[in-house]
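Following: one structure in structure tokens, then a few remarks.
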Amino acid sequence: MSIPTFGVGTFRLQGQTVVDSVRNALDLGYRAIDTAQIYENEAEVGQAIAESGVRRDDLFVTTKIWVPNYAHGKLIPSLKDSLAKLRSDYVDLTLIHWPAPGNGVSIDEFMTALAEAKTQGLTRQIGISNFPIAETRAAIAAVGREQIATNQIELSPYLQNRKLTAFLQEQGIQVTSYMTLAYGKVLKDPVIGQIAQRHDVTPAQVALAWALQLGYAVIPSSTKRENLASNLLAQDLRLTDEDMAQIAALECDGREVNPQGLAAAWD
């Protein structure tokens, strides 16, 4: 099994807003949806899927286990609760959301519990999110490299994480990029804008195409149907070597997400 390279994210979207976003995305042809327990929108995502008319077998749904549910006795019950909200017997991918080194639950414990959830058929694939190299190595030691489908990490033209992505690709672990547009900041970047003009596309399409061309999966979100439709077109954009070199030069360690106590030391 593999990870779809293009999906729709739901971070920070709640209530009718997320219902509308997911339904629009599905109507436009998206088939991968990313959510998480901490987003508090799994029920709305489930509602949108149910109302869409799209067959569950045609979808790829990802959720993430939140920190209080990492302990061996809590992880599987919490995932079952997520499934009830999503109105599904399984998810396609379940991730550990953050390493949370101060949480008191070892990587071995929560990765073993996650693997058990897969064995029980609650999730078809498992993986990690926001894991630096050392913590990824520990996850591999716990369950085996072949079990870890992806590491979902913050990546954008301003935060290119080359050391970590190179390691993941060496290990055969799919890189999933979130925050690829850096909260919209890259949309105003003059270099990205010039590349977009050369190709007669949008800055968002350029940033997403950059990530796709590096072999990453992307999960951009939007509340606007026209942006959801436009983002999909990034899959058809091929950037030149010059374009890619110009974007590579934008690296500035521009991290947008760094929750205290949840992150290990960044590479």
Side-chain angles (χ1 to χ4, degrees), residues 1-4 7 9-11 32-43 45-46 56 59-154 164 167-168 171-176 178 217 219 257 259-266:
M1 300 183 71
S2 60
I3 303 297
T10 62
F11 176 52
I33 307 163
D34 182 272
T35 184
Q37 293 175 344
I38 191 59
Y39 297 173
E40 297 184 340
N41 63 16
E42 290 172 314
V45 170
R56 176 65 184 88
L59 298 176
F60 190 99
V61 180
T62 299
T63 195
K64 309 176 198 75
I65 305 295
W66 190 235
V67 179
N69 301 323
Y70 284 5
H72 188 273
K74 294 182 178 180
L75 191 147
I76 286 177
S78 81
L79 181 53
K80 288 180 177 178
D81 184 56
S82 292
L83 295 180
K85 292 174 181 176
L86 289 164
R87 309 187 193 185
S88 181
D89 295 331
Y90 67 95
V91 282
D92 298 274
L93 175 65
T94 305
L95 309 178
I96 296 295
H97 208 147
W98 287 89
N103 188 40
V105 181
S106 69
I107 291 176
D108 182 77
E109 180 176 343
F110 60 62
M111 289 306 299
T112 300
L114 192 58
E116 288 180 12
K118 180 181 177 182
T119 299
Q120 292 183 23
L122 303 176
T123 183
R124 293 186 170 175
Q125 297 189 75
I126 63 174
I128 53 182
S129 181
N130 300 300
F131 274 51
I133 291 175
E135 286 68 26
T136 302
R137 288 189 187 278
I140 290 170
V143 297
R145 178 175 58 185
E146 71 285 349
Q147 289 285 341
I148 301 173
T150 192
N151 187 0
Q152 185 180 122
I153 57 176
E154 182 186 349
L164 176 56
F167 169 76
L168 293 171
Q171 297 295 316
I173 296 173
Q174 174 71 54
V175 176
T176 300
Y178 75 81
I219 47 171
V257 179
Q260 293 295 320
L262 297 180
W266 302 113

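None of these values were measured; they are calculated from a predicted model.
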| request: State, yes or no, whether a side-chain contact exists between Val257 and Tyr178 at a heavy-atom distance under 4.5 Å. | output: yes
| Going from CD1 on Ile126 to CG on Leu95, what distance comes out if it is rounded to the nearest 0.5 angstrom? | 9.5 Å
| request: Say whether, by atom type as modelled, one donor and one acceptor occur between the side chain of Lys64 and the main chain of Gln37 under 3.5 angstrom. | output: no
| said: Could you check whether any side-chain heavy atom of Leu114 comes within less than 4.5 Å of a side-chain heavy atom of Val143, counting everything from C-beta outward? | reply: no
Could you list the donor-acceptor pairs under 3.5 angstrom formed between side-chain atoms of residues 96-107 and any protein atom two or more places apart in sequence or on another chain?
unit_1 : atom_1 : unit_2 : atom_2 : d
Asn103 : ND2    : Val67  : O      : 3.3
Ser106 : OG     : Glu109 : N      : 3.0

| said: Quiz question: by atom type and distance under 3.5 Å, do the side chains of Thr63 and Ser82 form a donor-acceptor pair? | reply: no
| field | Reported CD-to-CG distance for the pair Gln171 and Asn151, which is rounded to 0.5 angstrom | value | 11.5 Å
| query | Counting N and O atoms only, with roles assigned by atom type, does the side chain of Thr176 sit under 3.5 Å from a partner on the main chain of Ala217, one being a donor and the other an acceptor? | reply | no
| note | Smallest heavy-atom separation, Gly127 atom then Ile148 atom, equals CA-CG2, 4.2 Å
| Separation between CG of Leu75 and NZ of Lys80, rounded to the nearest 0.5 Å | 11.5 Å
| message | For a quick test of reading the model, state the closest non-hydrogen atom pair linking Ile153 to Leu164 and the distance between them. | response | CD1-CD2, 3.8 Å
| Side chains of Gln125 and Phe60: closer than 4.5 Å at any heavy-atom pair? | yes
| request: Decide side chain to side chain contact (heavy atoms under 4.5 Å, CB included) for Met111 and Ile128; before the verdict, give the C-alpha distance in whole Å, the side-chain angles of both, and the deciding distance to 0.1 Å. | output: CA-CA 9 Å; Met111 289 306 299; Ile128 53 182; 3.8 Å; yes
| query | With a cut-off of under 6.0 Å to the ring centre and 45° to the axis, is Arg56 in cation-pi contact with Tyr90? | reply | yes
| message | Taking atom NZ as the centre, does Lys118 end up with more than 12 heavy-atom neighbours from other residues, nucleotides or ligands that are less than 6.0 angstrom away? | response | yes
| request: Spell out, as yes or no, whether a donor-acceptor pair under 3.5 Å connects the side chain of Asp92 to the backbone of Val61. | output: yes
| field | Sidechain-backbone polar pair: Thr123 side chain, Thr94 backbone, donor-acceptor under 3.5 Å | value | yes
| remark: Sorted by chain and residue number, the ring pair (Phe, Tyr, Trp, His ring centres under 6.0 Å) partners of Phe131 (sequence neighbours excluded) come out as none
| field | Rounded distance (nearest 0.5 Å) linking atom CG of Leu93 with atom OG of Ser2 | value | 11.0 Å
| said: Within the structure provided, determine whether Asp34 and Tyr39 are in side-chain contact (heavy-atom separation under 4.5 Å). | reply: yes
| Would you say the side-chain atoms of Asn41 pair up with the backbone N or O of Thr10, donor to acceptor, closer than 3.5 Å? | yes
| request: State, with a plain yes or no, whether a side-chain heavy atom of Phe167 is found less than 4.5 Å away from one of Thr136. | output: yes
| task | Work out which heavy atom in Ser78 is nearest to a heavy atom in Ile65; give both atom names and the distance. | result | OG-CD1, 3.9 Å
| What is the distance from atom CG of Asn130 to atom CG of Leu262, rounded to the nearest 0.5 Å? | 8.5 Å
| query | Can you check side chain to side chain contact (heavy atoms under 4.5 Å, CB included) on Ile219 and Thr62, steps first, answer last? | reply | CA-CA 11 Å; Ile219 47 171; Thr62 299; over 6 Å; no
| query | Nearest 0.5 Å, what's the NE2-CG distance between His72 and Asp108? | reply | 10.0 Å
